[in-house]
Structure formats: structure tokens, C-alpha cells
Amino acid sequence: MLSLTAISPEVLARYEAVIGLEVHVQLLTRSKIFCSCSTRFGDPPNSNTCPVCLGLPGALPVLNREAVTMAMKAALALNCAVHPRSRFARKNYFYPDLPKGYQISQYDEPLASAGWLDIEVAGKAKRIGVTRVHLEEDAGKSLHEGFPDSDRKSYIDLNRSGVPLIEIVSEPDLRTPEEAYDYLTRLKTLMLYLEVSNCNMEEGSLRCDANVSVRRAGRTAFGTKTEVKNLNSFKFLQKALAHEIERQIGVLEEGGEILQETRLWDSREQRTYGMRSKEFAHDYRYFPEPDLLPLVISEEWKEEVRRSMPELPEAKRARFVDQYGLGDYDAAQLTSSKALADYFEEAVRRAGEPKLSANWILSELSHLLKEAGKEIAESPVSPERLAELLALVAKGTLSGKMGKDILAEMFSTGRAASEIVAGKGFEQISDPEKIAAVGREIMAANPKQVEQYRGGKAALLGWFVGQVMKATGGRANPQLVQEILKKELGS
Amino acid sequence: MALSEKDVRYVAALAHLELTEEEVKKFLPQLDAVLEHMQKLNQLDTSQVEPMAQVIYPAAGTPTLRPDEPRQTLSQQESLANAPEPGAGCFKVPRVIERE
């Protein structure tokens, strides 16, 4: 573990961390969960609001069917039991961006529970329990900085008020910041596959809080936990958890006690802060939401949703191994995002050559994308174009080296492989007659080497191949060169 | 009496109410009477009765669901019409301090 404090590794090793994550995922519905306002991000403040999401007296919520469908997809993909009946509850607290004074959430009867998500620890699968998945509404946004009177005023934008969220609560099964990172990464991949959220952490559509405690290694009882909030990037998650774990160990090593409290991660100062803890801070006085009927989900609806689910990452990975004969590692890499997997399959559909396509996508193309800071979906080389190039490589018309150069040019100019090849005389020399002629020239110019080779120094063949390649500007087909030279030199 | 003055202060704080010492003393027996009445109701055996927090009726699904169709509702101006202090398209409130 990355050490952030002065605690020695020996001391750290005497403890074990226990981590559970609460992840909020914003659903990609077009309208809000309890009213018809748009969920569009980035609109002028308070322009997507109505009496319901402004919390005006007398306004009544009506549940969005699509939000339930999306929540069900997520729950089913996490292997949860979706309950035939769940209900909404009011979570009461005061904050200016919560205009009603309560958040409509689910409490004692959530939409779904008792699922799991498998992560990977040291090459082995580890099952992380998912306690529950429930539906709730988002609060508005408080702007504390950036206005002339920000020292005295906070600004409230209620466009986000009422945007649908699901909260996914894990069991305290995670043991290290790395496991937590892997869990969150896989959860995000799953949500992106399901197309229920864009999981954009910067825009707040994926948010993560962690419950953290430590205990002496080997003990089974849990230590006192703290809740760490504000883990709004994958980078912060690991750092904040590592910091909090070490802070707790430090307190215990000095004979102190962990206070059950909420702590905020400050990314600028790289530490967590205790929030002003009041003894009643967590008394939300939940009670059933009287303005909404219980949510009843029929078996038919659930099956309809199940049938509409796309192939999930794990299944796709297994199929890639099976259908395309790819290695586990390549298959895992290619299925790490749906966009990448789709790109690969489109290229293979056109070019055949699954292994070649996998190699080129994961090495050459990924490298070019990374350099340009682009995602696969923004690749200037379409799967069709890549397939065309790979077909030329597979046929031997182009060598691997030439292919790489051409791909780089396709990437920067947006032109097709055939265009570039034709314009440059890039085409590989595969005519045996031409190659033999070049070979004979080189033999005539180097009689000593020919003699040595014929006298038993077989390793010189490589040297001859190199000379031919050099003479043809690297355009000769190296395999063919080798065959032809062997014949020529042998005679 | 089941309640103490501490309970009254706790409930008042949750509701963001500021009570004077006299008010705490005045509300204590009132609140206690309410709870006492609830305890009386609790004597009734309702183990065989479905709770009525929400109206329950026999239906195959939830018929009151809304299709996911956004509609234009209030303009920014209309939304802010009742704001005591609008500014930059927002509701302005006293600065919220989250941290010590």
C-alpha cells in the first residue's frame, strides 16, 4: 500500500482494513424521477425546474417508469433479487439544496437486495457482496465559490433536484484500496455496458462514499468505522482510503479511539477532515412516503427487462476467448469497455483475423489513441478502415512495419490505407522474380560472404536477408526473401 | 412521564426550532401526552393487518407510472419568482459551511 504517513510498513501489516462502498449512479433518463423536467446537464441554472422538484407546497410526485427499468437492469446485472414490492420513504434533513426538507429514497423495502460483483485479486476472482440497490432522487447543487459575495452567500441551482439515482451499497467485503478501486472500476464498466448511466465523475453522475474501519489482522470483529465522503475521482479513491486507513492505525497505535464520524477527503491537502459531528447528524427520521404508492413489479416486467439486457462484460470476455481464440488477457482488455469490444468485433467482421485485429487494436491503435488523448469512440481510424489495412497485412501485401507507418498516417490524416499505399509505392514486393534479381545482385557484390555461407556458415543467411531488405527499402516480403535466398545461395 | 427535557431539545434541534427554557417546560407534557396516546393505540394487536402508510390495493403492477418524456415546465424567471434573494439565475442563501 502506498504509504502517506510516517507509520512503518511493519505496523501497517499488523492491521487489516474493512471497506464498504456506497456508490450513487445517476440514471440516463431524459426526464426526472418524479416530474417531467429535463435532466439535461449544463443548462442555465434553475431552467429545468417545476413545482415538484422546487418542493412547492401541494406538488405531488409521479414515478418515472424508465427510471425503474434502468434501476432493475443494474440490480439484475449485479445478481440482486428484484423485489415484487418495494416502497419509497422520506429521508429528512435540512440543507438548502433540498427544497422539500426531505429526500425521497427507499429505506426498509428497497427495490433489490442480496447480489454480488466479482472482482479480481492477485489473479483470482473475489466475490463482493452487494447489500442493496435502491432508487432515490438527487438533490440540487450548491455553489459555494466563484461569486463576488461567496464569502457570505451560497448559490442554489435546482436543475439536478429530482434527477434519478440508484444507490448501490456493498457489503464490507473489500480489504484494500486496490480492491475498492477494482470494484468501482467494474461497477462503472457494468453501468456503461447497460447504458443506464454515463458514469461521468466530473459531472457527478458517479459518486462514491466509503465506510472504513481497521482491525488487528486475524480478528473477526469490526472496528469502529468512519464514513469518507467526496471520493469524486478514481485517483482520489485509492489515496483517500489509504490515508484514512493509516490515520486510523495511527490513532489506535497511540492508544486512541476511532470516533464514528463522517470525514471529507480534501484532494488539495491530501487528507481527510472530520466534519462537525453532532450527535443527531444521522437521525433522518425515515418514514414511508405517503405521496407515492408502493412500487409493484410484475414478473412479466422483470422478464421483459431481463430480456432487454445486453451481453455483460464477463460473458463477452468468455465469448471472445471461445469464439475468436483470444487469450484471457487480450479478451479482458478488449471487453474493458463496450465501445472497444464493439470496435474489435466490427473490425473482425470485416477483416476476419481476430488475433491480428486484437493485437493491432490493443497495441498500435491504443498507443496512437493514448498519445492523442482520444477515446476509442473518437478514433480517426474507423473499424472498417482498420480492417482494410489489416487485410493488406494479412495477405502479405504490406509488412508489419509498413502497416504501422501507414496506420499512423491514417490516424493523423484520416485517409484510407489503400490511398496511402497507392500514393507512396508503399506496396510490399512479393514478386519472386524481382526478389531473386536483387538477391543475385547482392551475391555478386559479396563473393566472400557467399563462399563462407557455402562453406557452412549458415548464420550468414540473416545478413543476406538484411541486405535485400535494405536494398528494397524494407518493402520486400521478408519471408519470401529468406526462401528465395536459401535457394539462390544453395545452388 | 416517558420523555425528558433532553428529548424535547433534541427533537426541536432536529426540526431547527429554537425553544426558550419556558417553551421546553411547556411542550414536555404536551409531547408526552401524544406519545402516551400512541402507546394506548399500540395495545391493539395489528399483527394481522397490512400497514396503511400508503394506500394498498390489488393491482398487477403500479398503474401510476409516468412515461419518460421531458416537458417544458417553468422558466428560470418563473422558478425564481418567489425567491427572497435571486442572483445569477440561482437562489441565494446564507453561506453554507460544511466543514470545521
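Below, each value reflects all heavy atoms present in this structure, side chains not excepted, and no hydrogens, waters or symmetry copies. Every chain is numbered from 1, with letters handed out A, B, ... down the list of sequences.
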- Item | N-O pairing of B:R95 and A:D149 below 4.0 Å | no
- Query: What are the two closest non-hydrogen atoms of A:Y155 and B:A88, and how far apart are they?
  - Reply: CE2-CB, 4.0 Å
- Residue pair A:P45 / B:Q76: nearest heavy atoms and the distance that separates them: O-NE2, 2.7 Å
- Message: Applying side-chain contact (heavy atoms from CB on, under 4.5 Å) to A:S154 and B:K92, what does each step give before you reach the verdict?
- Response: CA-CA 6 Å; A:S154 290; B:K92 281 164 74 167; over 6 Å; no
- Message: Looking only at heavy atoms and a cut-off of under 4.5 Å, which of A:D151, A:N159, A:D97, A:T69 has the most pairs with chain B?
- Response: A:D151
- Item | Toward chain B, the part of A:R152 with a non-hydrogen atom under 4.5 Å | backbone
- Stepwise side-chain contact (heavy atoms from CB on, under 4.5 Å) test for B:Y10 and A:D283: CA-CA 10 Å; B:Y10 177 77; A:D283 189 344; 2.5 Å; yes
- Message: Counting heavy-atom pairs closer than 4.5 Å to chain A, which one of B:Q72, B:E78, B:E85 comes out on top?
- Response: B:E85
- Task: Might you confirm whether atom CD of B:Q77 has over 12 heavy atoms from other residues, nucleotides or ligands at distances under 6.0 Å?
- Result: no
- Query: Who among B:S75, B:A15, B:P86 has the most heavy-atom pairs with chain A under 4.5 Å?
  - Reply: B:A15
- Message: Does any backbone or side-chain atom of A:S38 lie under 4.5 Å from a heavy atom of chain B? Answer side chain, backbone, both or neither.
- Response: both
- Taken in chain and number order and not counting sequence neighbours, the residues that satisfy side chain to side chain contact (heavy atoms under 4.5 Å, CB included) with B:L31 are B:L3, B:V8
- Task: Hey, could you give me the NZ/SG distance between A:K153 and B:C90, rounded to the nearest 0.5 Å?
- Result: 13.0 Å
- B:H16 atom NE2, over 12 foreign heavy atoms within 6.0 Å: yes
Could you tabulate the donor-acceptor pairs under 3.5 Å formed by side-chain atoms of residues 47-67 of chain A, not counting sequence neighbours?
{"from": "A:S47", "atom 1": "OG", "to": "A:P44", "atom 2": "O", "distance (Å)": "2.6"}
{"from": "A:N48", "atom 1": "ND2", "to": "A:D43", "atom 2": "OD2", "distance (Å)": "3.0"}
{"from": "A:T49", "atom 1": "OG1", "to": "A:N46", "atom 2": "O", "distance (Å)": "3.1"}
{"from": "A:T49", "atom 1": "OG1", "to": "B:S79", "atom 2": "OG", "distance (Å)": "2.4"}
{"from": "A:N64", "atom 1": "OD1", "to": "A:E66", "atom 2": "N", "distance (Å)": "2.9"}
{"from": "A:N64", "atom 1": "ND2", "to": "A:S31", "atom 2": "O", "distance (Å)": "3.3"}
{"from": "A:N64", "atom 1": "ND2", "to": "A:S31", "atom 2": "OG", "distance (Å)": "3.2"}
{"from": "A:N64", "atom 1": "ND2", "to": "A:K32", "atom 2": "O", "distance (Å)": "3.2"}
{"from": "A:N64", "atom 1": "ND2", "to": "B:D68", "atom 2": "OD1", "distance (Å)": "3.0"}

- Task: Using a cut-off of 6.0 Å, state whether more than 12 heavy atoms not belonging to A:F147 lie near its atom CZ.
- Result: yes
- Message: Which residues in residues 23-30 of chain B have any heavy atom closer than 4.5 Å to a heavy atom of chain A?
- Response: none
- Query: What residues form a side-chain hydrogen bond (donor to acceptor under 3.5 Å, both in side chains) with A:R160, not counting sequence neighbours?
  - Reply: A:D138
- Query: Between A:F34 and chain B, which part of the residue has a heavy atom less than 4.5 Å away: side chain, backbone, both or neither?
  - Reply: backbone
- Message: For A:K302, I'd like to know if atom NZ has over 12 heavy atoms of other residues, nucleotides or ligands within 6.0 Å.
- Response: yes
- Item | Segment of A:L158 engaging chain B (4.5 angstrom heavy-atom cut-off) | side chain
- Query: More than 12 foreign heavy atoms under 6.0 Å from CG of A:D108: is that the case here?
  - Reply: yes
- Item | Spacing of A:F94 atom CZ and B:L14 atom CG [to the nearest 0.5 Å] | 8.5 Å
- Distance in Å, B:E69 CD paired with A:T29 OG1, rounded so as to fall on 0.5 Å steps: 12.5 Å
